[in-house]
Structures are given as C-alpha cells and as structure tokens.
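Reckoned from all heavy atoms, side chains included, excluding hydrogens, waters and symmetry mates. Residues take their numbers from the sequence shown, with the count starting at 1. Counting convention: from 1, in listed order, for ligands and their atoms alike.
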Amino acid sequence: MSLQKVTVKNIIAKKKKGEKIVTITSYDYSFAKLVDKSGIDLILVGDSLSMVMLGYKNTLSVTMDEMIHHTKAVSRGVSNALIVGDMPFLSYKVDIKDAVKNAGRFIQEGGAEAVKVEGGTEICSTIKAMIEADIQVMGHIGLTPQAIYEFGGFLVQGKTVEAAKKLVLDAKNLEEAGVFAIVLECIPWQIAKLITIAVNIPTIGIGAGPHCDGQIIVIHDMLGIFTEIKPKFVKYFGKIGESINRALVDYRNEVINGIYPDLEYSYEFPQDDLIEINEWFENVNIDEEARKFT
Ligand code: KIV
C-alpha cells in the first residue's frame with residue numbers, strides 16, 4: 001500500500017468527497033507503527049490511555065506529562081497518519097492561557113499535529129485562542145468521559161429533544177469556532193446523522209451510528225485486549241488478548257519443561273576454540289582467577 005502524509009486539510013476534504021475517515025487511538029511506538037502501516041487516516045493519543053494503559057478507573061487521572069510522554073512515543077512510530085493529542089482533564093478548562101500553552105506542548109514536545117478537547121459552546125473561546133496560536137483543534141461532544149461525574153456514569157447522551165437540540169447547536173458553534181472535525185460519542189444515530197448534515201466539517205463517531213463521516217475506536221477495545229468494560233458499540237475485530245494469553249502460557253510451559261530455548265535459539269562459541277576453553281575451565285581455580293579481576 002503506498003501511503004501519503006495525512007493533513008487536517010485532507011481530513012476535511014474527505015467529507016466533501018464522500019470518503020469515510022478512519023481513525024483509531026494509539027499510545028505507544030509499536031502499536032502506532034502498525035496502525036500507520038494499515039493506512040488509517042488519524043491516530044488519537046486518547047486520554048483513554050488512563051484506563052487501558054495505566055489501569056485507572058476512568059480518564060480523569062491521566063496528567064499532561066503522561067499524555068506528552070505517550071504522544072512522543074506515538075510520534076516516533078508514525079510517518080503518515082495525522083497525530084492528534086487528547087487534552088486531559090483540567091488542562092484546558094481552568095484558564096485560557098494555560099489551555100493554549102498545554103495545547104502547544106502536544107505540538108512542540110509531543111510531535112502531535114493537532115489537539116482534541118471535550119465540550120461544546122462553553123469552550124469555544126478557548127478553542128478560538130488555540131487556533132489563533134496556530135494549533136489545529138478537534139472537538140468532542142456527546143458522552144465526554146471527563147464529565148462522567150456530571151453525567152452520572154458512562155451514559156448515552158442526547159436522548160431527549162432538548163438534549164439533542166443542544167448537541168446540534170454545540171456542533172454548529174464548534175464548527176464556527178474553527179475545529180476541523182468533531183468526535184460524537186455515544187449519542188443516538190439519528191441525532192449523529194442530523195449533526196453530520198448540519199456541519200461542513202467531518203463528524204467522527206464512536207457509538208454514534210453509521211452516518212458519521214468517520215469512525216474512531218479505542219485500539220485496545222477493538223483488538224480484544226481491554227475487555228473489562230464492553231460498551232454496545234465495541235466490536236472485537238481480533239481476540240488479541242486471548243492470543244497473548246495463550247502465547248504467555250506456552251512460553252511459561254516451555255521454560256519449565258526445558259523446551260525453550262533449544263539450540264535453535266542459542267549462540268555458538270567458535271568450534272576451533274572450544275577445546276581450549278573447556279581445558280582451561282577444567283584445570284583452573286575459578287575463585288583464584290576471578291579475584292585477579294577485582
Ligand atoms: O480518549 C479517547 O480514546 C477518546 C476517543 C474514544 C474518542 O476520546
């Protein structure tokens with residue numbers, strides 16, 4: 001597959017051309033490299049790493065420094081996909097200047113090309129300030145996991161007429177503020193369809209049905225590695241967790257039973273010198289020799 005560097009402009013153009021946008025999360029060098037090779041358009045270094053990489057119970061615990069650390073690793077593995085850094089809890093809603101500085105760290109230190117923020121109309125002035133600082137921004141509305149305590153859990157959003165209207169209007173305001181795409185998470189597919197019609201920028205769905213311009217999914221979910229929670233929208237495209245487990249049990253059994261490593265996986269000492277080293281070993285006082293080196 002011959003691949004080309006994806007830019008924000010390419011992502012926007014895909015909507016105009018009616019081409020689906022394929023995006024996914026990644027958090028480290030090796031996975032990012034595999035994702036990049038697959039031709040996926042955009043990699044989000046999601047704050048979901050708080051749960052799937054660091055083992056926290058939600059996304060609120062991950063810090064700016066941890067996000068930058070993982071973004072750097074992803075950047076080292078990617079040549080083509082657009083890299084978006086996910087701004088963590090408290091990094092952009094307290095103070096606009098801090099928000100711009102933190103967004104800038106994703107670009108300057110992390111090697112990301114854009115950032116993602118959760119929220120609607122209420123964060124449009126922050127988004128505008130980031131864009132004025134030449135930082136590309138992706139929006140995220142619906143179930144915004146940084147607000148789970150406000151929502152009362154990981155719950156589908158936009159299920160009443162009022163809530164659905166608010167989502168449509170938030171999307172319009174985010175577009176006006178200058179975001180290049182909007183993630184729609186866990187909202188009824190009919191509302192995601194309306195939003196997708198209402199805005200000229202791409203909508204990227206996760207639990208938002210088939211009519212979005214693109215899709216995103218957490219890589220550890222779709223590979224069947226993180227199976228503790230399985231929202232309705234998660235499809236396992238692989239059972240990698242099971243294969244890893246099988247491989248680890250095989251490895252353990254082979255080591256215990258002396259099967260691994262056999263000579264196929266071992267290095268050879270030069271045949272010509274083998275007699276000499278064995279003679280030396282049999283005739284030398286090892287303790288005395290060793291002491292000469294101390
Ligand atoms: O953090 C994340 O992985 C996300 C996606 C699920 C959109 O925000």
Lys/Arg cation over aromatic Tyr236: Lys230, 6.0 Å, 45° cone = yes
- Flag the pair Ile131 / Gln136 as yes when at least one side-chain heavy-atom distance between them is below 4.5 Å, and no otherwise. no
Would you call Arg291 and Glu288 a salt bridge, taking side-chain N to carboxylate O under 4.0 Å as the test?
no
Worksheet entry | Ala164 to Ile191 - nearest heavy-atom pair and separation |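 In this case the closest contact between Ala164 and Ile191 is CB-CD1, 3.7 Å.
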* Electrostatic pair Asp65-Arg105, nearest N-O below 4.0 angstrom -> yes
Contact set, ligand 1, heavy-atom distance under 4.0 Å, ordered by chain/number, equals Thr25, Leu44, Gly46, Asp47, Ser48, Asp86, Lys116, His140, Val183, Ile206, Ile216, Val218
Quiz prompt | Lys5 and Glu113 ion-paired at < 4.0 Å | solution = yes
